[in-house]
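Since the structure is predicted, the reported quantities are computational estimates derived from the model, not experimental observations.
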Amino acid sequence: MMQRFSNTPARLLLMVLLVSFAGLLHAASKPLLMEGKKTLYQRVLSVPEARLYQEPNETETSAIIIPFSVLYVYEKGEDWLKVGYDSFGQIAGWVKRDKAIVWNQALTVSFKDPQDIQRVMLFNTKNDLEKLVSNYDREGYQTLYDAIVNDEPPPDSPVIAIQPEAHLEIRDNFYLVPIKQHEDVYLGNEQARMLEIASVPLDDSSDVSELKSINSSRSYRSGIHFVIDSTQSMGPYIDRTREAVKKVYSAIERQGLTNQVSFGLTAYRDNTGQVPELEYLTRRFVSLEQGTNVEQFLQRVNDLNPSQVSSRDFREDAYAGIKSAIEDSDWDKFDARYVVLITDAGPRESYDSLGATRLSAQALRQIAYDKGISIWVLHLRTPSAAANHEQAEEVYKQLSYFPGIGDFYYGVSLGQVDEFGNALEVLANQITQQVLATTNGVPPLPLPEQQGEVQTQLAQLQDRVAKLGNALRMRYIQRESGQPLPSVFDAWMIDRDFINPERSAVDVRVLLTRDQLSDLKNVMQQVLELAEEGVLSPQSFIDDLQSLAATVSRDPSSVAGSTSGAGANLADMGYMREYIEDLPYTGEVMDLTLESWEEWSAKVQIEFMHRLESKINYYQALHDHTDLWVTPGGGPVNGNSVFPVALDLLP
C-alpha cells in the first residue's frame, strides 16, 4: 500500500503530461482557417479522377476519391494538400492541388438558356475582363463576342471558352460551376458581379471527336400531357380537346411523324374529403406511351366525363393534376416536354388547407423546370361571377414562366369554346412542325424581333413557343452530336448580360446532398413550429432563419446544428457576420430585420410564413424525386447523392 501511495504523484504527473500532449495534438490537427476568418475552415471539392495518397508522392498507393467530395484542408504544399473528411482531425491523406477546387462556400451557378441574352464568355484573367467592365466598353465587348461566336478569335484572345450555344441540362450532363471568389461592379447603372469560377463536368472522360450526324441518332420526340379540369362546368372543353387532338393526330400521320409526337391526359377535380361525390382528385386516362396511338387515345378519353356535382368553391386543385402528370409520366423518352393545363378555375395555393400538394406556383414550376418540362396554361375566363380570374391569371403566369422566354399563359375571353379549340390546335400543330423540322435536318434559326407591331395574345404565345422550340431543338442537337463538355478549368465571367445588364446570365444554386436537404427540411420545420407556438421571440426567429440560410450557403453539412433548437445559432455565438460578409449571393431572409418584421402588416407576415412553409414542402417533393439526384461515385440514389438546389427556394 505504501509503495502504491508513493507512486501516485508520478502517475498524476504522467497523466497531466499525456493530457497536455493530447491537447496540443488536437490543436495542431485543426484544418486551416480561411483568410480573415476565425471559425471557418478551408475546404476543397474533389474533381473527377482525383486520387487520395497516403503521402505526397504519386508513387504511393492511392485510391479514387468520389467526385465532388468536400474535403477540409489541414496543410498546403506547393503541389499537394493534406485533407480530411471532417474538421475533427481525422486525416484522410493527400490530394494533388490541381485535382481539387476551392470550396469555401457551397454556391454554384448554372448558365441561363441563351435565347434572349448573349452567351457567357469566360476570360482567362480577371484583368482581361476588368478592362471591359471598368469602362463599360460595350462596343469592344460586342466586337470580341462576335469574333468568338463566329469562331474567329483574335490573336492572344482573352477568352478561353464560351457558354455552349444550347442550354446545358444538369440532369443530362451533370456539371458544376463553383464560385471561387467575386467582386461587386457596375455595368452602367446595374450592379453586377465579376466571378472567378471553375467549370467541372462530372464525366471528364470524353475525348474531343468529330460530331456525329444527327440522322444517325434516334428521332426527336415531343410529349404533350394535358391536365384538364373535369369538374361540372368543363364538359364543352373536354369535347373540344378531343376534337383538337384528333385533328392534330391526322396531321401527324400525314407528315409521317407517328411515334414522334405523343399525347397524354390526366384529369383532376378537387378535395374529395370535402365533396366525396367528386369521386377522385386526379386520374390518369392516357399515358404518353399509350398516346402515340390515336385510336387508343380517343378510346381512353371517351371515358372522361365532367363530374355531376360542384366542388366546394371556384378553385380546383390544379397543382395536384400537374404534379401527377410530372411524376407519373415517363418523360425520359421525350426531348420536348410539355404539360398543358386546361381550366376555368383558380388553383389551390400552398397555404390552402384543401390543397393536396401544399406547393407554391414557384416551387411546382421549379420541379417541372429541373425535369425539363414547361407548363402551359389555357385559362377559360368564363363569365361566372364567382370566379376571380385576375388573381388566377397572376398565379398561372408565375406557374407557366419559363426562364429567359416568358410565361406560357393564354386567357380565353369569356371562355369561348371556339377560341379555345383554335388556340389548342394552333399550338399543338406548331409543336408538330418543330418535330418535322428537326427530323428533316432544318436547323433552329434565330427569330426576328417584332418591331412596332401590336401582337394578338395568340401571336405573342406563338413567338414564345417558337423560342422554346428553338432552345429544345438546340439541346437535342448538342446532346445527340456527342459534343463533350469542357473539362476542368478556371476563368472569370460577369453574371449579367453585358449588353443588356438588367438581365441575369446565371441561376444561382447551392450544392446539397439528399441527407443535407432532409436536415434542412426538418430544422426549418422545427423553427416554424416553435415560432408559431410562441416559443421563439421574433428576434430569435429571424436569427434562426438567417443562421440556417448562412449555414446552407457556407457549410451545408452543419445545418442540423445551426439554430437555437440545437443549442445556439450563429447570432448567439457572434459568428453571423463572419459567415455572410463575403457571400456573393444570399436568400431573402438575410435582409430581414426585426424592425422591418414589426413594420410589416399581419397580412405580409402571414404571406412570408406561407412562403417558408411552401419551401419546406418543396424540399420534401425534391427529396422524393429520385430521378433528379446524382450519385457521383455511381450506384443507386442514397443520402450522399447530390443536386444543385435553386437559391431562390432556400431560406
Side-chain angles (χ1 to χ4, degrees), residues 113 115-116 222 224-229 233-234 237 240-241 244 266 268 314-323 325-326 336-350 355 357 359-369 371-384 387-431 434 447 450 454-472 648:
D113 199 325
Q115 285 297 301
D116 284 344
S222 288
I224 307 167
H225 198 112
F226 296 111
V227 175
I228 190 164
D229 178 349
S233 58
M234 289 293 293
Y237 306 104
R240 189 64 179 85
T241 300
T266 292
Y268 73 92
F314 214 85
R315 285 176 294 173
E316 322 290 356
D317 205 346
Y319 292 0
I322 293 172
K323 188 169 183 282
I326 291 171
R337 305 168 183 182
Y338 311 95
V339 167
V340 181
L341 174 66
I342 301 170
T343 183
D344 65 351
R348 296 207 178 276
E349 267 284 299
S350 60
T357 69
L359 294 172
S360 66
Q362 180 191 20
L364 186 58
R365 181 188 73 216
Q366 188 68 46
I367 290 173
Y369 180 74
K371 293 173 78 73
I373 300 167
S374 65
I375 299 173
W376 300 5
V377 180
L378 297 180
H379 181 200
L380 311 164
R381 301 174 67 102
T382 54
S384 170
N388 188 344
H389 289 315
E390 287 71 26
Q391 183 179 354
E393 176 182 345
E394 181 181 349
V395 175
Y396 284 142
K397 283 185 174 180
Q398 294 175 25
L399 177 68
S400 63
Y401 179 79
F402 197 89
I405 296 177
D407 66 77
F408 286 80
Y409 170 89
Y410 184 85
V412 180
S413 176
L414 301 176
Q416 297 178 64
V417 175
D418 288 342
E419 181 188 350
F420 159 72
N422 177 63
L424 188 59
E425 289 177 20
V426 166
L427 297 174
N429 277 313
Q430 189 174 357
I431 293 172
Q434 292 170 357
L447 299 170
Q450 299 294 332
V454 178
Q455 291 182 294
T456 65
Q457 183 186 194
L458 183 57
Q460 290 175 347
L461 185 56
Q462 284 182 277
D463 279 352
R464 291 172 185 160
V465 172
K467 288 181 180 178
L468 178 60
N470 270 0
L472 297 175
D648 288 345

Would you indicate whether the side-chain heavy atoms of [Y] and [X] approach each other to under 4.5 Å?
X      : Y      : value
Leu424 : Phe226 : yes
Tyr237 : Val417 : yes
Val227 : Val340 : no

Can you name the nearest heavy-atom pair linking [X] to [Y], along with the distance?
X      : Y      : value
Ala318 : Pro347 : CB-CB, 4.2 Å
His379 : Glu393 : CE1-N, 4.2 Å
Gln434 : Val465 : NE2-O, 3.1 Å
Ser360 : Ser350 : N-CB, 3.6 Å
Asp463 : Gln455 : OD2-NE2, 2.7 Å
Asp116 : Gly404 : OD2-O, 3.1 Å

Practice task
Not counting sequence neighbours, list each pair that qualifies as a salt bridge (charged side-chain N to carboxylate O under 4.0 Å, His left out) and has a residue in residues 399-408.
Solution key: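 Of all non-adjacent pairs touching residues 399-408, those that pass salt bridge (charged side-chain N to carboxylate O under 4.0 Å, His left out) are Asp407-Arg464.
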Fill in the blank from the handout: Across all chains, not counting sequence neighbours, the salt bridge (charged side-chain N to carboxylate O under 4.0 Å, His left out) partners of Asp113 are Arg475
Practice task
Apply side-chain contact (heavy atoms from CB on, under 4.5 Å) to Ile342 and Leu380, showing your working.
Solution key: CA-CA 7 Å; Ile342 301 170; Leu380 311 164; 4.2 Å; yes
[X] side, atom [atom1]; [Y] side, atom [atom2] - distance, nearest 0.5 Å:
X      : Y      : atom1 : atom2 : result
Ile405 : Ser374 : CD1   : OG    : 8.5 Å
Tyr409 : Leu378 : OH    : CG    : 9.5 Å
Ile228 : Met234 : CD1   : CE    : 4.5 Å
Leu468 : Phe402 : CG    : CZ    : 5.0 Å

Handout entry: All pairs passing side chain to side chain donor-acceptor pair (under 3.5 Å) where residues 413-423 contributes a residue, at least two apart
Key = Tyr410-Glu419
Practice task
Walk me through it: do Gln430 and Leu427 pass the test side-chain contact (heavy atoms from CB on, under 4.5 Å)?
Solution key: CA-CA 5 Å; Gln430 189 174 357; Leu427 297 174; 4.1 Å; yes
Handout entry: Salt-bridge contact Glu349-Arg315 (side-chain N to carboxylate O under 4.0 Å)
Key = no
Handout entry: Test: Asp344 and Arg381 ion pair at under 4.0 Å
Key =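 Result for this pair is no, no salt bridge flagged.
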Practice task
If the plane angle is over 60° it's perpendicular, under 30° parallel, otherwise tilted; pick one for Trp376 and Phe408.
Solution key: parallel
Practice task
Report the C-alpha distance between Glu425 and Arg240 in whole Å, list the side-chain angles of each, state the deciding distance to 0.1 Å, and finish with yes or no for side-chain contact (heavy atoms from CB on, under 4.5 Å).
Solution key: CA-CA 10 Å; Glu425 289 177 20; Arg240 189 64 179 85; 2.8 Å; yes
Taking distance alone, no hydrogens or angles, what donor-acceptor pairs closer than 3.5 Å link side-chain atoms of residues 361-368 to residues at least two apart or in another chain?
| residue | atom | partner | partner atom | Å |
| --- | --- | --- | --- | --- |
| Arg365 | NH1 | Gln398 | O | 2.6 |
| Gln366 | NE2 | Asp370 | OD1 | 3.2 |
| Gln366 | NE2 | Asp370 | OD2 | 3.4 |

Handout entry: For Thr266, side-chain hydrogen bond (donor to acceptor under 3.5 Å, both in side chains) partners two or more places apart
Key = His225
Fill in the blank from the handout: Contacts of Thr343 meeting side chain to side chain contact (heavy atoms under 4.5 Å, CB included) (sequence neighbours excluded), chain-then-number -> Asp229, Tyr268, Leu341, Ala345, Tyr396
